[in-house]
A.B. asks: 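Dumping the structure here so I can ask a few things about it.
In what follows, every chain begins at residue 1, and chains take the letters A, B, ... in the order their sequences are listed. These numbers come from the heavy atoms of this one structure, side chains and all, not from hydrogens, waters or symmetry mates.
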Amino acid sequence: MIELRLEGLVHVYRDSTVRAVDGVDLQVGPGQRVAIVGQNGSGKTTLVRHLNGLLRPTEGRVLVDGSDAARLHVAQLARRVGLVFQDPDRQIFARSVRAEVEFGARNVGMDRADRNDAVSQALAATGLEGESDTNPYDLGDSRRKLLALASVLAMRTPVLVLDEPTTGQDVRGVEIVGSVIRAAHAEGRTVIAISHDMGFVAETFDRVVIMREGRIVLDGSPAGVFAQRAWSTLEETYLEPPFPSRVGARLGLDSTPTDEALIARLRERASDSVPST
Amino acid sequence: MLVLEAVSYRYAGAERPAIRQVSLTLDKGEVLGVVGPSEAGKTTLCLVASGLAPRAIRGAMDGRVLLDGADTTALPMHEMAARAGICFQHPQTQLSGICGTVFEEIAFGPMNLGLQRDDVVVRTWDALDVLGITALAERDPMQLSGGQMQLVAIGGLLALRPAHLILDEPTAQLDPGGTRLVGECLARLAAGGASILITEQKTDLLERICGRVVVLEKGGIVAAGPTDEVLAAAGLAAMGVAAPSRVRVRRALAGAGFGDGAIMDALH
Amino acid sequence: MVGPITLLATAVVLPAAAAGVLRRLLRTSMVLSLPIGISALLVNLFFFPGGSEVLLRLGPVTATREGLELALQVLARILAISGAITLFYLTTRPAELVVDLERRGVSPRLAFVANASVQTVPAMVDRASAIIAAQRARGLDTEGSIAQRARGLVPIVGPVIMGSIAEVEQRTMALEARGFTRPGRRTLLWHPADSGAERVARWLLVLTVPALLVARSAGWLDLLG
Ligand SMILES: Nc1ncnc2c1ncn2[C@@H]1O[C@H](COP(=O)(O)OP(=O)(O)OP(=O)(O)O)[C@@H](O)[C@H]1O
Ligand SMILES: Nc1ncnc2c1ncn2[C@@H]1O[C@H](COP(=O)(O)OP(=O)(O)OP(=O)(O)O)[C@@H](O)[C@H]1O
Ligand SMILES: [Mg+2]
Ligand SMILES: [Mg+2]
């Protein structure tokens with residue numbers, strides 16, 4: 001069980017003047033499910049790449065389980081924080097699907113039996129069990145993304161960080177990602193994911209962090225950040241509330257970010273207006 | 001006008017064709033959406049329609065692709081680029097790799113066409129402007145966020161101002177605001193007479209901008225028709241395509257017994 | 001030996017320091033010239049025929065003083081060459097190279113090929129560092145000892161080459177899709193800055209070459225070796 005904490009995090013890329021992350025304080029407790037959303041270029045990817053040491057802070061600190069990530073090797077951090085990249089082409093390198101998924105599991109020092117188990121489970125969870133021997137270059141774009149996910153799942157890290165896992169996925173792909181997140185949550189693992197799909201975010205996460213120009217502008221439950229009082233902030237940051245929220249608003253209901261919430265509030269209202277005798 | 005007549009395409013080395021017997025017509029001023037599950041052949045369809053397959057990608061094509069009546073296999077590739085431009089699914093691969101700034105990257109296509117210098121500059125600023133990325137003009141195109149790179153790739157296509165635009169999941173990495181902006185821009189281009197072929201998983205976007213939609217499954221067209229009809233079809237999700245939010249919520253509400261008029265009106 | 005070292009100092013190290021790329025230059029040209037440099041050193045050191053002053057005997061091979069001198073000289077030359085090439089990579093923006101070649105009437109496609117070859121090295125470095133990042137993120141330790149760093153390099157050679165091939169294909173496609181193969185002139189938006197001082201320096205360099213050749217054949221440079 002691992003707690004993550006960012007303190008005054010600032011990141012400026014080499015040869016750049018843009019403050020990609022510009023002073024972020026964030027604490028994520030063990031077992032939380034957190035979505036990070038925000039405009040293109042608002043610093044989401046830059047932020048999460050600090051969680052396993054791939055980027056080092058220009059200013060501020062990253063604490064993983066209380067210890068300063070700056071003092072740990074990426075390889076040591078990798079046992080605690082698994083990161084799936086936004087672009088699978090920059091993550092995948094092996095010659096077969098199985099070798100790709102095994103790579104991380106081997107490095108984190110699982111014994112043979114555990115490793116085989118972890119690999120098969122990761123392949124099954126992502127629907128790639130039939131593709132063990134396929135060359136990753138022969139998979140389509142969306143399945144390459146699922147392969148990148150599987151390769152990190154197999155490491156069984158206590159923290160799972162997913163950078164835009166649902167982009168380009170069809171209905172089944174989105175379902176796969178959703179159930180991977182739910183299963184990890186049920187096992188008590190922390191899940192942090194970046195997404196532009198507000199509907200998916202509202203359905204799948206307990207906490208939503210909204211970024212704009214390198215800073216956090218909203219942080220709360222889906223019902224909270226998608227509530228009407230937050231809409232102007234959302235709009236300023238190129239976001240929009242999920243469709244059920246908008247329908248709810250037109251019907252005079254607030255905080256209905258999911259279909260279920262919308263129906264539940266309609267039921268409540270119906271039972272209020274028909275007083276029971 | 002872009003016409004595909006019974007087109008099949010098999011990649012070199014592949015056992016089965018990636019698309020089979022696909023026929024479609026893209027009229028002037030029309031936005032045609034293509035949906036389908038992963039590996040249905042959407043990208044292949046775009047490559048064939050733009051003439052890149054089989055010219056730049058090895059494989060065997062059957063059938064004909066006609067651009068304003070001319071067989072595309074007879075047109076040189078640079079002519080195709082000027083008349084039927086494509087935006088790839090993967091923005092990184094679209095970038096030229098030889099431009100130092102976003103501005104040059106977007107100007108790259110018009111420069112290749114040998115247009116007047118002033119014309120190139122105007123087109124480039126226009127493209128930056130409609131996509132809301134003028135602030136990125138001086139940045140290195142290889143050092144952008146994923147979504148910013150995608151916008152630059154779209155900008156490169158817009159600056160070519162082709163009569164036909166082919167876009168393969170152009171908004172996959174864009175934020176909701178950017179997605180809306182691209183949608184509005186495509187709708188405007190179509191109103192001005194451009195023909196647009198777009199593949200997307202975001203059916204909410206297609207619902208807003210497409211007149212017609214075709215559904216591709218395992219390389220073949222399995223449904224085609226007016227957007228509202230096709231995207232509201234009951235079997236869509238089973239084929240792996242998400243129904244638009246509006247359709248999904250309507251079903252959920254009706255299923256829960258809230259199908260009355262006032263509530264249904266709130267969906268629009 | 002003094003010759004190549006003087007050359008290295010005046011034509012590579014000083015300009016690199018002036019351009020502020022000395023550290024990157026040293027790192028990159030080291031990596032580039034290490035394999036060939038080591039083999040050239042060993043071959044010349046141990047297999048120089050007929051040296052007289054024996055420095056070291058290792059079984060059947062001997063290292064002589066003359067061998068050592070020649071080996072160092074070859075090494076210095078390799079460093080001078082790779083240093084000069086790296087300096088060019090590090091201080092020339094690819095876009096400027098292409099535009100400038102085109103401005104001088106080179107066909108765009110040839111200019112592109114010239115550029116692509118200039119960019120191969122940085123592109124491969126970029127791809128390699130992406131793969132290293134991916135592998136570190138999945139627990140491969142490449143930060144510890146030199147042995148550990150070296151271990152990290154082995155599994156990336158294949159993917160880097162594979163990836164580069166795939167990238168060339170995709171890049172070609174992207175260029176075709178954007179009209180790059182059109183015959184005839186492209187529009188040029190700008191001219192790379194070319195100051196008077198730079199022009200003078202360029203001509204001086206060109207004139208230096210025959211001057212050095214003359215000096216060398218006249219024997220004026222013999223004392224430099
Ligand atoms: N390698 C890089 N070098 C320099 N600047 C970079 C680099 N990568 C990203 N940036 C810049 O840093 C800022 C934050 O980028 P980042 O990739 O973190 O955004 P993001 O929120 O993940 O966006 P997206 O939703 O488009 O993926 C942007 O202004 C971007 O242009
Ligand atoms: N270069 C290639 N060589 C061989 N086969 C390929 C190639 N590209 C795609 N395919 C195959 O062709 C089929 C259709 O792929 P395509 O990329 O067109 O699908 P798609 O609908 O775009 O999928 P996605 O949603 O993943 O982008 C797939 O079975 C795929 O594996
Ligand atoms: Mg990102
Ligand atoms: Mg595709």
Side-chain angles (χ1 to χ4, degrees), chain A residues 13-16 18 20 37-46 86-87 89-90 138-143 145-146 163-164 166-174 196-199 234-244 246-252 258-260 262-264 266-267 270, chain B residues 13-14 35-40 43 89-90 92-93 132-133 135-136 139-140 143-151 169 171-181 201-202 204 236-246 248-253 255-258 262-263 265-268:
Chain A
Y13 283 96
R14 205 178 63 183
D15 302 331
S16 164
V18 181
V37 304
Q39 188 176 358
N40 291 131
S42 58
K44 307 179 293 296
T45 298
T46 309
Q86 182 166 356
D87 180 359
D89 282 0
R90 290 184 88 78
D138 291 336
L139 294 178
D141 281 301
S142 33
R143 287 207 295 170
K145 237 176 132 88
L146 293 175
D163 197 345
E164 299 199 19
T166 58
T167 43
Q169 296 296 339
D170 61 6
V171 169
R172 290 179 210 117
V174 176
H196 289 299
D197 182 344
M198 300 303 134
L234 291 179
E235 200 168 323
E236 278 165 30
T237 181
Y238 271 63
L239 300 179
E240 57 190 27
F243 188 70
R246 282 177 274 157
V247 176
R250 280 182 217 126
L251 294 170
T258 63
D259 298 4
E260 268 170 43
L262 178 61
I263 291 170
L266 282 169
R267 288 223 168 96
Chain B
V35 297
S38 296
E39 319 219 337
T43 297
Q89 182 164 10
H90 216 73
Q92 278 87 339
T93 58
I133 51 172
L136 298 180
R139 298 272 302 271
D140 177 347
Q143 296 191 336
L144 296 175
S145 80
Q148 290 171 334
M149 231 181 245
Q150 188 149 36
L151 286 168
E169 300 198 27
T171 71
Q173 298 187 60
L174 299 190
D175 58 44
T179 304
R180 189 171 282 275
L181 222 51
Q201 296 292 352
K202 294 184 186 172
D204 281 2
L236 200 64
M239 281 189 270
V241 179
S245 300
R246 192 187 312 278
R248 190 198 67 229
V249 172
R250 186 191 324 127
R251 274 189 205 133
L253 288 177
F258 292 104
I263 292 179
D265 285 347
L267 293 170
H268 295 282

A.B. asks: Taking all non-hydrogen atoms of both residues into account, name the closest pair between B/V249 and A/P244 and its distance.
C.D. replies: CG2-CG, 4.3 Å

A.B. asks: If you count heavy-atom pairs within less than 4.5 Å of chain B, which of A/E235, A/K44, A/Q169 leads?
C.D. replies: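 It is A/Q169.
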
A.B. asks: Is A/V18 in contact with chain B via its backbone, its side chain, both, or neither, using a 4.5 Å heavy-atom distance?
C.D. replies: side chain

A.B. asks: Please state whether the side chain, the backbone, both or neither of A/L262 comes within less than 4.5 Å of a heavy atom of chain B.
C.D. replies: side chain

A.B. asks: Select one option (side chain, backbone, both, neither) describing which atoms of B/Q89 are under 4.5 Å from chain A's heavy atoms.
C.D. replies: side chain

A.B. asks: Under 4.5 Å from any heavy atom of chain A, what part of B/H268 do you find: side chain, backbone, both or neither?
C.D. replies: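 The answer is the backbone of B/H268.
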
A.B. asks: Hey, does A/R172 have a side-chain heavy atom less than 4.5 Å from the side chain of B/S38?
C.D. replies: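 When only atoms from C-beta onward are counted, A/R172 and B/S38 do not touch, as no gap falls below 4.5 Å.
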
A.B. asks: Among A/S142, A/G41, A/G38, which has the most heavy-atom pairs under 4.5 Å with chain B?
C.D. replies: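 Maximum pair count with chain B is reached by A/G41.
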
A.B. asks: Between B/Q173 and chain A, which part of the residue has a heavy atom less than 4.5 Å away: side chain, backbone, both or neither?
C.D. replies: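 Contact with chain A: backbone and side chain both.
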
A.B. asks: I'd like to know which of B/S245, B/G36, B/A14 tops the heavy-atom pair count under 4.5 Å against chain A.
C.D. replies: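 Of B/S245, B/G36, B/A14, B/S245 has the most heavy-atom pairs under 4.5 Å with chain A.
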
A.B. asks: Is it the side chain or the backbone of B/L136 that comes within 4.5 Å of chain A heavy atoms, both, or neither?
C.D. replies: neither

A.B. asks: Would you say the side-chain atoms of A/R246 pair up with the backbone N or O of B/L267, donor to acceptor, closer than 3.5 Å?
C.D. replies: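 Between the backbone of B/L267 and the side chain of A/R246 there is no qualifying donor-acceptor contact (under 3.5 Å).
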
A.B. asks: Go through B/L253 and A/L266 one step at a time and tell me if the side chain to side chain contact (heavy atoms under 4.5 Å, CB included) criterion holds.
C.D. replies: CA-CA 9 Å; B/L253 288 177; A/L266 282 169; 3.6 Å; yes

A.B. asks: Which atom names give the shortest non-hydrogen contact between A/V171 and B/A242, and what distance separates them?
C.D. replies: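 In this case the closest contact between A/V171 and B/A242 is CG2-N, 3.0 Å.
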
A.B. asks: More than 12 heavy atoms of other residues, nucleotides or ligands under 6.0 Å from CD of A/E260: is that the case?
C.D. replies: no

A.B. asks: Tell me, for A/Q86 versus chain B, whether the close heavy atoms (under 4.5 Å) come from the side chain, the backbone, both or neither.
C.D. replies: side chain

A.B. asks: Before giving the answer on side chain to side chain contact (heavy atoms under 4.5 Å, CB included), spell out for B/R180 and A/Y238 the whole-Å C-alpha distance, their side-chain angles and the decisive distance to 0.1 Å.
C.D. replies: CA-CA 9 Å; B/R180 189 171 282 275; A/Y238 271 63; over 6 Å; no

A.B. asks: Name the region of B/R246, side chain, backbone, both or neither, that has any atom closer than 4.5 Å to a heavy atom of chain A.
C.D. replies: both

A.B. asks: Once rounded to the nearest 0.5 Å, what's the spacing between atom CZ of B/R250 and atom CG of A/D259?
C.D. replies: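 The distance works out to 13.0 Å.
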
A.B. asks: Under 3.5 Å, is there a donor-acceptor pair between the A/D87 and B/Q92 side chains?
C.D. replies: yes

A.B. asks: Quick check on A/D163 against chain B: is it the side chain, the backbone, both or neither that has a heavy atom closer than 4.5 Å?
C.D. replies: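 For A/D163, there is no contact with chain B at all, as no heavy atom is under 4.5 Å.
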
A.B. asks: Measure distances from B/A238 to the heavy atoms of chain A and classify the residue's part below 4.5 Å as side chain, backbone, both or neither.
C.D. replies: backbone

A.B. asks: Surrounding CZ of A/R90 (heavy atoms of other residues, nucleotides or ligands, distance under 6.0 Å), is the total greater than 12?
C.D. replies: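 No, because the 6.0 Å sphere around CZ of A/R90 holds 12 heavy atoms or fewer from other groups.
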
A.B. asks: Is it the backbone or the side chain of B/A262 that comes under 4.5 Å from a heavy atom of chain A, or both, or neither?
C.D. replies: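 Interface part for B/A262: backbone (N, CA, C, O).
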
A.B. asks: Go through the steps for A/D170 and B/V241 under the test side chain to side chain contact (heavy atoms under 4.5 Å, CB included), then give the verdict.
C.D. replies: CA-CA 6 Å; A/D170 61 6; B/V241 179; over 6 Å; no

A.B. asks: Please determine, among B/A40, B/A243, B/S145, B/G132, the option with the most heavy-atom pairs under 4.5 Å with chain A.
C.D. replies: B/S145

A.B. asks: Which atom names give the shortest non-hydrogen contact between A/M198 and B/P176, and what distance separates them?
C.D. replies: CE-CG, 4.0 Å

A.B. asks: Has the side chain of B/D175 got a donor or acceptor atom that lies under 3.5 Å from a matching backbone atom of A/N40?
C.D. replies: yes

A.B. asks: Report which part of A/E240 has an atom under 4.5 Å of a heavy atom belonging to chain B: side chain, backbone, both, or neither.
C.D. replies: both

